[in-house]
Amino acid sequence: MAEEFVADSIIRFEIDRIIKRRKYILKMNNAGINKNKKGERMMEKDLLNIVKSRRSTRQFSNEPVSDETIRKILDMAAYAPSSWGGHPVEYIVIRDKNVMAELARCKQMGAGPLAYGEAAIVPIINKRNLELWVEDAAVASTYILLAAEYYGVGACWIHMKDRRGHTNMAEDDIRDLLGVPEYYGILNAVSLGMKKKTSEDRSLAPTVHYGKY
């Protein structure tokens with residue numbers, strides 16, 4: 001009887017230990033899941049703040065933008081979606097203020113921020129055998145704008161395609177200035193610089209039609 005009692009006690013002890021262990025593992029797993037969900041919520045909030053706070057910056061301070069920051073911005077732009085997953089966008093980075101001023105003069109009006117920023121980025125795409133080059137350039141440029149906001153840098157899209165330049169069309173003037181081949185498309189340029197002032201918060205809502213217009 002004594003031996004049976006001891007054996008029974010050992011079995012109950014082992015069962016109780018296993019139950020406690022399983023409860024502990026379940027608790028830790030739930031904690032991990034909650035932690036991940038919290039991290040996802042934080043990430044979502046950060047992205048939402050970036051999207052909401054982004055503005056076209058046309059006035060810049062004299063604070064420099066480092067080469068490293070520009071590289072990080074372009075590293076993020078490299079992940080922009082593209083037609084057929086080809087990632088065809090290339091970038092010309094301009095830091096020379098004289099060249100930036102010349103770049104601004106490649107468009108008759110509306111390109112002033114290029115002359116006053118700390119850097120300019122010109123996305124270019126080889127148009128040969130690429131039907132959707134405009135869309136690819138637009139998406140990559142949007143990533144540049146969001147990445148700039150993420151790193152606290154002001155940015156402004158300067159449209160170039162089908163705009164008048166001072167001697168030819170703006171695209172042609174840019175090709176002459178930067179040595180871009182004729183078969184490369186130029187949709188726009190992006191001016192970069194530290195913000196002179198911060199913008200006020202705003203609240204926007206989409207206009208949505210469900211099912212049909």
Side-chain angles (χ1 to χ4, degrees), residues 54-84 86-149 151 153-196:
R54 192 213 65 78
R55 301 288 194 284
S56 293
T57 303
R58 296 177 174 84
Q59 295 182 344
F60 303 104
S61 70
N62 294 324
E63 186 180 351
V65 178
S66 70
D67 291 336
E68 180 183 4
T69 298
I70 294 175
R71 185 68 207 183
K72 288 179 178 179
I73 290 172
L74 292 176
D75 284 344
M76 292 181 70
Y79 288 90
S82 62
S83 57
W84 299 100
H87 302 285
V89 186
E90 303 172 33
Y91 306 94
I92 299 177
V93 178
I94 304 166
R95 301 302 301 258
D96 187 303
K97 292 296 184 71
N98 293 326
V99 178
M100 291 169 62
E102 289 293 326
L103 181 63
R105 285 192 283 269
C106 287
K107 185 181 180 182
Q108 282 190 355
M109 58 184 299
L114 289 171
Y116 307 124
E118 288 295 317
I121 298 175
V122 181
I124 60 174
I125 297 185
N126 187 336
K127 297 187 295 182
R128 294 182 297 190
N129 301 319
L130 188 62
E131 179 184 1
L132 302 177
W133 74 268
V134 171
E135 290 81 354
D136 287 348
V139 176
S141 296
T142 301
Y143 268 53
I144 290 174
L145 299 178
L146 293 174
E149 182 66 28
Y151 288 109
V153 177
C156 185
W157 171 306
I158 308 296
H159 196 80
M160 295 295 182
K161 186 178 185 298
D162 299 328
R163 297 296 186 266
R164 292 294 306 175
H166 277 279
T167 56
N168 301 293
M169 298 300 288
E171 298 170 76
D172 297 323
D173 286 351
I174 293 174
R175 288 191 185 94
D176 293 340
L177 175 66
L178 303 180
V180 179
E182 180 68 26
Y183 51 84
Y184 270 77
I186 301 172
L187 175 67
N188 66 300
V190 178
S191 181
L192 297 175
M194 301 308 293
K195 302 176 184 180
K196 193 170 185 178

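Excluded from the calculations below are hydrogen atoms, water molecules and symmetry mates; all remaining heavy atoms, backbone and side chain alike, are included. The shown structure was predicted, so the numbers you read here are calculated from the model rather than taken from an experiment.
- Between R71 and D75 a salt bridge is recorded (basic side-chain N to carboxylate O distance below 4.0 Å).
- Annotation for G110 and I158: closest pair O-CD1, 3.7 Å, computed over non-hydrogen atoms.
- Judged purely by atom type and a 3.5 angstrom limit, R58 has no side-chain atom pairing as donor or acceptor with the backbone of G112.
- Between atom SG of residue C106 and atom CD1 of residue I186 there is a gap of 8.5 Å, rounded to the nearest 0.5 Å.
- Atom OH of Y116 has 12 or fewer neighbouring heavy atoms from other residues, nucleotides or ligands inside a 6.0 Å radius.
- For the pair Y143 and M76, the tightest heavy-atom approach, listed with the atom from each and the gap, is CD2-O, 3.5 Å.
- Put simply, the side chain of S83 does not reach to within 4.5 Å of the side chain of W133, judged on heavy atoms.
- Smallest separation of non-hydrogen atoms from P123 and N188: CD-O, 3.3 Å.
- Atom CG in L192 sits 8.0 Å away from atom CE in M100 (nearest 0.5 Å).
- For the pair I174 and I124, the minimum side-chain heavy-atom distance is 4.5 Å or more.
- Pairing each heavy atom of G154 with each of T57, the nearest pair is CA-OG1, 3.4 Å.
- The 12-atom threshold is not exceeded at CG of N62, counting heavy atoms of other residues, nucleotides or ligands nearer than 6.0 Å.
- For E102 and R105, the salt-bridge test passes: some basic side-chain N is under 4.0 Å from an acidic carboxylate O.
- S82 and D136 are not linked by any side-chain donor-acceptor pair at a separation below 3.5 angstrom, with hydrogens and angles left out of the test.
- The minimum heavy-atom distance linking I70 with V65 is given by the pair CG1-CG1, 3.9 Å.
- Atom OG in S141 sits 9.0 Å away from atom CD1 in I121 (nearest 0.5 Å).
- The shortest side-chain heavy-atom distance between R164 and M169 falls under the 4.5 Å cut-off.
- Atom CG in D173 sits 3.0 Å away from atom OG1 in T167 (nearest 0.5 Å).
- The side-chain contact (heavy atoms from CB on, under 4.5 Å) test with K195 singles out one residue from E63, R55, E149, Q59, and that residue is E149.
- With E90 contributing its side chain and I125 its backbone, the two residues share no donor-acceptor pair below 3.5 Å.
- In this structure, D172 pairs ionically with R175, as a charged nitrogen and a carboxylate oxygen lie closer than 4.0 Å.
- R95 places a side-chain N or O within 3.5 Å of a backbone atom of E118 that can act as its donor or acceptor partner.
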* To do: May I have the step-by-step check of side chain to side chain contact (heavy atoms under 4.5 Å, CB included) for D176 and N168, ending in yes or no?
  => CA-CA 10 Å; D176 293 340; N168 301 293; 4.3 Å; yes
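- Using a distance-only test at 3.5 Å, with no hydrogens or angles considered, no donor-acceptor pair links the side chain of K161 to the main chain of E171.
- Side chains of M160 and K107 form a contact here, defined as non-hydrogen atoms less than 4.5 Å apart.
- Note that SG of C156 is 6.5 Å distant from CZ of F60, once rounded to the nearest 0.5 Å.
- The heavy-atom pair separating A155 from A148 by the smallest distance is CB-CB, 3.9 Å.
- Between the CG atom in L132 and the CH2 atom in W84 there is a gap of 9.0 Å [rounded to 0.5 Å].
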